[in-house]
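Each ligand, and each atom within it, is numbered from 1 in the order the structure gives. Both backbone and side-chain heavy atoms feed into the values below; hydrogens, waters and symmetry mates do not. Since this is a predicted model, take the numbers as computed values, not measurements.
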Amino acid sequence: MQDAPASELLPESKNPNPAWWRHWWRRQTPTRQDRFAMLAPLAAVMLFLAAIISAFWYLRLEEMDREQEAVKRDVEYAQQRVRLRLLERQEQLMRIARDISNKEVDADEFVVRAESMLAQYPELQVLTWIDERRRIKASYSAPSMMGGLLRVPGEVLRPGETESMYGLARDLQQPVYSQPVAGTEGTGLLQLHVPLADQSRFGGVILGEYSIDGLLRYAVPAEISAKYAVALLDGKNRMLAGNTVPPRNPATQLLPWAAQPNEYEVPVSPVGNGLILRAQAYRTSLGVIGSGLFWLVIALAAMTAWMLIANWRHTRRRVQAQQALVAETNFRRAMENSMLTGMRALDMHGRITYVNAAFCQMTGWSEAELVGRTPPFPYWPEQDREMLAARLDDELHGRTIPGGFQVRVKRKDGSLFDARLYVSPLVDAKGHQTGWMTSMTDITEPNRIREQLQASHERFTTVLEALDASVSVAPLGSEELLFANKLYRLWFGGQAGGHLQMVAQAGVAEAPRTTDEAMDEVDSFVGLPTGQLTTAISENAEIFVPELGKWLEVRSRYLNWVDGRLAQMVIATDITARRHAEEQSAAQAERAQSASRLITMGEMASSVAHELNQPLTAITNYCNGLVSRIKSRQISDEDMLAALDKTSRQAQRAGQIIQRIRSFVKRSEPNRTLSDINVMVAEALELAEIELRRRNVRLSHYVAARLPKLMVDPILIEQVLVNLLRNAAEAIEHARRPAGRRSVELRVIPRQIDVQAVVEFSVLDSGQGLAPEVMERLYEAFFSTKVEGMGIGLNLCRTIVESHHGRMQAENIYNGAEVAGCRFSFWIPVSGATNPIVAKDVGKDTGVTTA
Ligand code: ADP
C-alpha cells in the first residue's frame with residue numbers, strides 16, 4: 001500500500017536510476033513517503049499550471065508584439081497616404097499660386113479651378129485667394145460648409161484669424177500649415193497658407209482649408225479605418241476627428257496583455273506635431289477565448305490540486321483506519337494466542353478453515369494437519385463419531401445450544417479429555433454468514449474439581465444428614481431458613497419456626513423480631529469484629545419441646561453465612577434418653593440415700609437401742625419408785641409431781657430420739673432450701689453422738705461464726721456428716737486407740753477455692769488412717785474393709801457432695817512418720833447451686849456434650 005504511490009509516481013521505465021531512487025524511497029519513513037506521494041502530484045499540477053501561464057504569457061506577448069508591429073506599419077502607411085494627399089493638394093495650390101503670380105489666373109478662373117478641385121477632393125472645404133492687403137479676392141466653399149465660414153470676396157480677413165499663419169507665409173515665402181483647430185461635429189479645420197509671389201514680391205496667399213474629418217475619411221485607407229479606431233489628435237492630444245476605443249473593462253485590465261492598449265500614433269507631416277494620427281486596435285475575440293481558456297486551465301488545475309488534496313486526505317484517513325485495523329488485528333491475535341480457549345472456524349460445509357494455537361496445543365495436532373479437514377475430524381474419538389457427526393450437523397444447521405455442550409476430545413497421542421464447546425456464527429463484513437466459530441475449553445480440571453467438590457459436599461451432607469443432632473441456620477431478623485439438616489426437617493419440617501422456637505425457648509439470644517428493640521440488639525453487634533462475635537457467643541441450654549415430647553440440648557453460635565449475612569446456627573441434640581437416665585439415676589440415688597440412711601440406722605440399731613434404753617430404764621425406775629412410795633403412802637404431792645416431771649422428760653427424750661431417727665430415715669423428696677449450717681451440724685451431731693458415745697469416742701466440733709446459709713438439701717448434708725463421723729468412730733475403734741486418743745473433731749469453716757466462696761466441712765479422727773490400696777478404692781461402691789460393712793457410705797457421700805457442686809477428699813494425718821489418723825473433708829459452694837433438674841449450664845464445666 002505504501003509502495004503503491006511510489007510506483008505510480010515513479011514508473012520504472014521513466015526512471016533513470018531506479019536502484020538509487022528506490023533506495024532513497026525506502027529510507028523514508030512512511031509518513032514522509034505519504035507526504036511525498038501527496039506533494040509530488042501537487043507540485044506537478046503547479047508546474048503544469050505555471051508552464052501553461054508562461055506559455056500563455058509568451059504567446060500573448062508574441063501576438064501583442066506582432067499586433068503592435070502591424071498597428072505601427074498600418075499607421076505609418078496611413079500617415080504616408082495622408083501626407084501624400086496633403087502634399088498633392090499643396091502642389092496643386094502651389095501650381096495655382098504660380099499661375100496667379102504669372103497672371104494666368106484671375107478671380108473667376110480661380111473660382112472655376114477651386115470648384116473643380118473641391119469637387120475632386122472633398123476634404124478641401126474652402127479655397128480662398130487673399131491679396132497682400134489681407135483682402136479676399138475670391139473664394140469658393142464646398143456646399144456643405146456652413147454659411148458662417150464662407151469667405152466673402154472683398155472682405156478683409158478678420159484680425160486674429162489666421163493672422164499669424166498669414167504673416168508666417170508672407171515672411172517665409174513658403175506654404176505654412178496652421179495648427180488645426182477643433183470644431184464641433186467634425187467642423188475642425190486645417191489651414192494651408194500658400195504664398196503668392198508678384199514679381200518677387202509678396203502678393204498674398206492662397207488659403208486652403210481642409211476639413212480634418214474629411215481628411216481622415218478620404219486620406220486614410222478604408223481597410224485601415226475598418227481595422228482600427230483611427231483618430232487625428234492635436235498637439236495637446238485632444239481628439240480632432242475619428243473615433244477611439246472605449247476604455248476596457250476593469251476585470252480584463254487584470255490580464256497581462258490588457259495592460260497596454262494596442263495603439264500607435266505618429267505626427268502627420270508636413271503639418272508636424274500639431275496633427276497626430278493615432279490608430280487603436282479593436283479588441284479581438286482572441287482575448288475572450290484566450291482568457292476563457294486561461295481561466296479554464298486555472299480552474300482545472302485548481303480542481304486537480306483540490307482533488308489531489310482531497311485524495312491525500314482520504315488516503316490518510318484510510319491509512320489511519322488501516323493502522324487501527326492492524327493494531328486491532330495484532331491485539332486480537334495476541335489475545336487469541338494468549339488465551340487458553342481453543343478456537344476453530346468451520347465454513348458452511350463443515351471444513352475447518354482456522355484453528356488457533358490453543359486449539360492445536362489442546363488436541364496435539366498442528367494447524368497444517370487440521371485446516372482443510374472435513375469431518376470426521378482426527379480429534380473425534382472413534383466411539384463418539386456418530387454422536388459428534390450429529391452434533392456437527394446441528395451446528396451447521398444453526399441448531400446451537402446456548403450454554404454450549406460437552407464432548408470428549410481425542411488428543412494426537414490417543415488420550416481423551418472433556419471439553420465444552422460453544423458455537424457462534426461467523427459473519428463477514430457484508431453481513432453474510434461464512435461459517436461457524438467454535439470455542440473449546442478443556443474442562444477436565446474443572447470437572448475434576450467439580451467432582452471433588454461434589455464428593456466433598458456429599459460427604460459433608462451425609463455427615464450433616466446422618467448427624468443425630470438437628471442443625472439449622474437462619475439469618476438474624478428474618479424468618480428465612482438458610483440451612484436445615486435431615487433431623488431438623490424431620491422434627492420441624494422445612495420452616496424456620498422450629499429454629500426460632502428453640503432460640504426463643506433456650507433464651508440463647510433474642511428470637512428474631514422486627515421491633516426496633518431487636519434491631520437495637522442487632523445493632524449492638526455492629527462494630528464488634530464478626531469473628532469475635534461468631535466465636536465468642538456460643539451458648540448451651542436444655543429445653544423441653546412439648547410438640548416433640550423431647551428434651552433437647554440446644555447450642556447456638558453466630559456465624560457469617562456464605563452471603564456475608566450474620567446468621568445464627570442452632571444445633572439441637574435429643575437428650576431425652578439422657579434426661580431419663582439422669583432422672584432415673586437421681587431417683588435411684590435418692591432411693592439409695594434413703595436405703596443408706598436405713599442401713600446406717602440398722603447398723604446403729606444397738607447404739608440406738610442403748611440410747612433408748614437409758615430413758616426407758618429411767619422411766620421404769622421412776623415409775624417403780626413412784627408405785628412403791630405411793631403404796632407406802634410416803635410421797636408428797638410435790639415429790640410425785642417432780643418424779644412425774646422427770647419421767648415425762650425421759651419419755652420426751654426417748655420420743656426425741658425416735659423422732660430424730662424417723663426424720664433422718666424418712667424418705668423425702670429432694671428439697672433444696674437455704675439452710676442454716678448450725679442447725680444441720682447440730683442435728684447431725686445429735687445422731688452421731690449416740691454411736692460415738694457407745695464407742696467411747698469424744699466428739700468436739702468447731703463451727704466458724706457468721707457462716708452464710710447454703711442452698712442445699714439439709715437431710716443429705718446431715719447424712720454425709722453422720723456417715724463421716726461414724727466412719728471416724730469405727731476407725732478409732734478399729735485402731736483400738738487408748739481412751740486419751742479416742743477423739744473426733746468436726747470443723748466447719750469458710751474457704752476460697754478458685755475464687756469461689758465455699759464452706760468446708762472436715763472430720764478428723766485418730767484412727768488407723770487409710771492404707772494406699774484403700775485410698776484408691778475409697779469411693780467404690782460396695783468396697784469395704786469391715787466385716788459387716790456395706791461399702792456404699794463414701795460412694796453416696798461423694799455423689800451427694802458433687803450433686804451440690806462440691807468436692808470431697810480424704811488424706812492421712814501424720815505424727816512424724818506414723819499415721820495418726822485421717823481427715824475427710826468436703827466443700828459446698830456458697831452460691832450458684834441451682835436445681836440440676838432444671839436447665840443447667842453444663843457447657844462451661846464439662847464442655848460440649850454430644851450424643
Ligand atoms: P463401710 O463403712 O460400710 O465399710 P464406707 O464406704 O463408709 O463403707 O467405707 C469404706 C471403707 O473406707 C471402709 O471399709 C474403711 O476401710 C475405709 N474408711 C472409711 N472411713 C475411714 C476412716 N475414717 N479411717 C480409716 N478408714 C476409713
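No more than 12 heavy atoms of other residues, nucleotides or ligands lie within 6.0 Å of CD in Q495, so this atom counts as exposed by the packing criterion.
Proximity of M808 to L794: side-chain heavy atoms (C-beta onward) are separated by under 4.5 Å at one or more points. At least one side-chain heavy atom of F824 sits less than 4.5 Å from a side-chain heavy atom of L778.
Residue L778 has at least one heavy-atom neighbour below 4.0 Å for each of these atoms of ligand 1: 12 (O). Near A731, meaning under 4.0 Å from any of its heavy atoms, are these atoms of ligand 1: 22 (C), 23 (N), 24 (N), 25 (C). Against a heavy-atom cut-off of under 4.0 Å, L770 is close to the following atoms of ligand 1: 25 (C), 26 (N), 27 (C). Atoms of ligand 1 found under 4.0 Å from any heavy atom of F783, numbered from 1 in the order shown, are 10 (C). Ligand 1 places these atoms under 4.0 Å from at least one heavy atom of S784: 1 (P), 4 (O), 14 (O). Short contacts between ligand 1 and G789, defined as distances under 4.0 Å to a heavy atom of the residue, involve ligand atoms 3 (O), 4 (O).
The shortest N or O to N or O distance between N727 and ligand 1 is below 3.5 Å. Of the N or O atoms in F824, none lie within a sub-3.5 Å distance of an N or O in ligand 1. Checking only distances, L794 does come within under 3.5 Å of ligand 1, N or O to N or O.
Legend: ring-ring contact (aromatic ring centres under 6.0 Å, His included) pairs involving residues 710-733, not counting sequence neighbours: none detected.
The main-chain N or O of F761 is never found under 3.5 Å from a side-chain atom of S825 such that the two would form a donor-acceptor pair. A distance-only check finds a donor-acceptor pair linking the side chain of N485 to the backbone of A469 [under 3.5 Å]. Checking side-chain atoms of D765 against main-chain N and O of V744 turns up no donor-acceptor pair under 3.5 Å. Panel note: side chain S803, backbone I800; a donor-acceptor pair is recorded below 3.5 Å.
Atom 2 (O) of ligand 1 has K786 NZ, 2.6 Å as its closest protein atom, hydrogens excluded (heavy atom only). Nearest to atom 17 (C) of ligand 1 among the protein's heavy atoms is V774 CG1, 4.0 Å. The protein heavy atom nearest to atom 25 (C) of ligand 1 is G769 O, 3.4 Å. Of all protein heavy atoms, the one closest to atom 8 (O) of ligand 1 is G791 CA, 3.3 Å. In this structure, the protein non-hydrogen atom closest to atom 15 (C) of ligand 1 is T785 OG1, 3.3 Å.
The closest approach between a heavy atom of C822 and any atom of ligand 1 is below 4.0 Å.
Across every non-hydrogen atom of M502 and S472, the tightest pair is CE-OG, 4.4 Å. Scanning all heavy atoms of the two residues, the minimum distance from I732 to G767 falls at CG1-N, 3.8 Å.
Using a 4.0 Å cut-off between heavy atoms, N723 makes no contact with ligand 1 at all. Under 4.0 angstrom from ligand 1, the non-hydrogen atoms of D765 all belong to its side chain.
Legend: residues meeting ring-ring contact (aromatic ring centres under 6.0 Å, His included) with F544, ordered by chain and number and at least two apart, are W551.
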